[in-house]
2 protein chains.
Amino acid sequence: MGRATNGVGMYEDPLTHLPHKSVQEFARGQVIYSPANPAASLYLVILGRVKVSTAERDGSETVARIVCKEGLFGESALIGTSNNTETAVALDNVTLMGWSRGEIELQIERDPRLGVALSQYLVRECLELQDRMESMVVHRTPERVMLALIQLASNAGSMTPEGATRVASLTHQTIAEYVGTSREIVTFQLNRLRKLGMIKYSRKFMDIDVPRVREALRTPHTPHRVQSMAG
Amino acid sequence: MGRATNGVGMYEDPLTHLPHKSVQEFARGQVIYSPANPAASLYLVILGRVKVSTAERDGSETVARIVCKEGLFGESALIGTSNNTETAVALDNVTLMGWSRGEIELQIERDPRLGVALSQYLVRECLELQDRMESMVVHRTPERVMLALIQLASNAGSMTPEGATRVASLTHQTIAEYVGTSREIVTFQLNRLRKLGMIKYSRKFMDIDVPRVREALRTPHTPHRVQSMAG
């Protein structure tokens with residue numbers, strides 16, 4: 001997040017307008033909320049990463065968001081949806097701050113700039129979802145795995161002395177949920193990229209050679225449609 | 001849109017907090033904004049329908065939103081993105097009201113409930129995008145075409161004496177952009193649904209038998225992954 005400049009101007013950062021609260025800690029793998037126990041707060045990630053996904057009826061497939069430091073999640077608490085299907089799980093040991101719908105509304109009354117900042121944050125979130133949706137239509141799975149690596153590197157990476165971007169490891173299952181494909185396909189594609197020297201991974205880290213992945217994505221390809229007419 | 005109740009409570013309607021402005025009219029087919037001339041306003045649809053889509057580099061594929069009466073679009077005006085790739089086109093003769101970023105921010109300072117209402121509206125938009133993204137991963141194209149018809153009927157339909165839901169006609173190209181597939185596939189699937197008696201269409205209208213389409217969607221199917229491992 002962070003206050004940012006762009007071509008036209010600055011946008012507000014909700015963080016500077018949210019009142020300080022005591023932090024909550026969740027251990028790696030712990031469920032923060034789930035359909036059985038829906039989000040009652042808008043959460044801010046102080047430390048660690050959180051996976052937010054939607055349970056499908058058959059439990060087989062899902063598309064996840066990975067929320068990093070300074071990211072917000074649990075936005076549906078603001079509208080109090082009762083048919084909530086979202087689950088948030090700590091991917092690392094995480095530290096969060098949370099505000100109820102009532103607290104957020106009260107704070108906007110006190111400091112209307114929080115309303116501006118939250119709206120702007122949510123517009124950016126909509127644009128990001130729109131981009132990911134487009135990517136699902138336009139790109140084949142191997143390209144989507146590469147795009148996911150670039151996105152993860154830009155959200156949560158640190159540079160290694162060799163010039164790669166280091167990301168704390170994610171399971172292949174989590175990457176699959178982010179891409180919207182199966183674990184098997186992700187394992188296959190990551191092996192391929194590793195053999196090509198674009199990524200290296202250990203149990204703790206994945207080092208991503210972002211310029212090489214970008215270069216590979218620029219290689220021309222034939223646009224395609226994901227399904228045949230027989231569907 | 002509209003003020004709505006749900007399991008937990010009510011949410012605010014931005015319409016009741018937006019100051020009245022003089023209306024703008026666009027003829028069917030007219031471009032409201034485009035990458036060459038990006039949105040400088042948040043727009044409210046008073047009458048008619050608007051298609052909002054994102055231009056792809058190769059221009060071949062896109063995923064569109066269809067914004068109906070009382071819907072908002074041009075949200076990116078609130079963050080002043082300069083790399084705007086969105087295009088909005090009038091699908092009917094449309095009447096709009098528009099507010100600049102400055103006007104919205106000023107109004108939120110005056111009436112902080114607009115900040116609450118806009119945030120809630122945008123959270124619902126994010127959830128809808130998330131749903132559509134999931135649908136792309138989980139469902140095959142024929143099901144996605146049927147889901148699109150149900151969504152279009154629930155957003156903008158009126159009942160016929162026969163109990164079908166009548167929607168002002170949309171081109172197969174527009175439905176294809178909404179679904180995220182090709183025009184050819186949409187034509188093929190609509191013909192199939194017409195032969196099955198689930199829809200009827202003329203040049204002006206499409207009548208959708210929503211209960212029968214829902215019933216067809218409930219028929220069990222094997223979950224599938226959209227692409228093979230070879231990608």
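In what follows, chains carry the letters A, B, and so on, assigned in the order in which the sequence lines appear, proteins first and then strands, with residues in each chain numbered from 1.
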Less than 6.0 Å separating the ring centroids of B:His172 and B:Tyr201? yes

When heavy-atom pairs shorter than 4.5 Å are enumerated against chain A, which of B:Leu118, B:Asp131, B:Val123 gives the highest number? B:Val123

Under the salt bridge (Lys or Arg N to Asp or Glu O under 4.0 Å) test, which residues partner A:Arg65, sequence neighbours left out? A:Glu75, A:Glu125

I'd like to know if B:Arg212 pairs up with B:Glu215 as an ion pair, taking the criterion as any Lys NZ or Arg NE/NH1/NH2 lying under 4.0 Å from an Asp or Glu carboxylate oxygen. no

With B:Pro19 via side-chain contact (heavy atoms from CB on, under 4.5 Å) - residues at least two apart: B:Trp99, B:Gln107

If you tally heavy-atom pairs under 4.5 Å against chain B, which of A:Ala117, A:Cys126, A:Gly115 wins? A:Cys126

Can you tell me which of A:Arg192, A:Arg132, A:Arg110, A:Glu109 forms the most heavy-atom pairs within a distance under 4.5 Å of chain B? A:Glu109

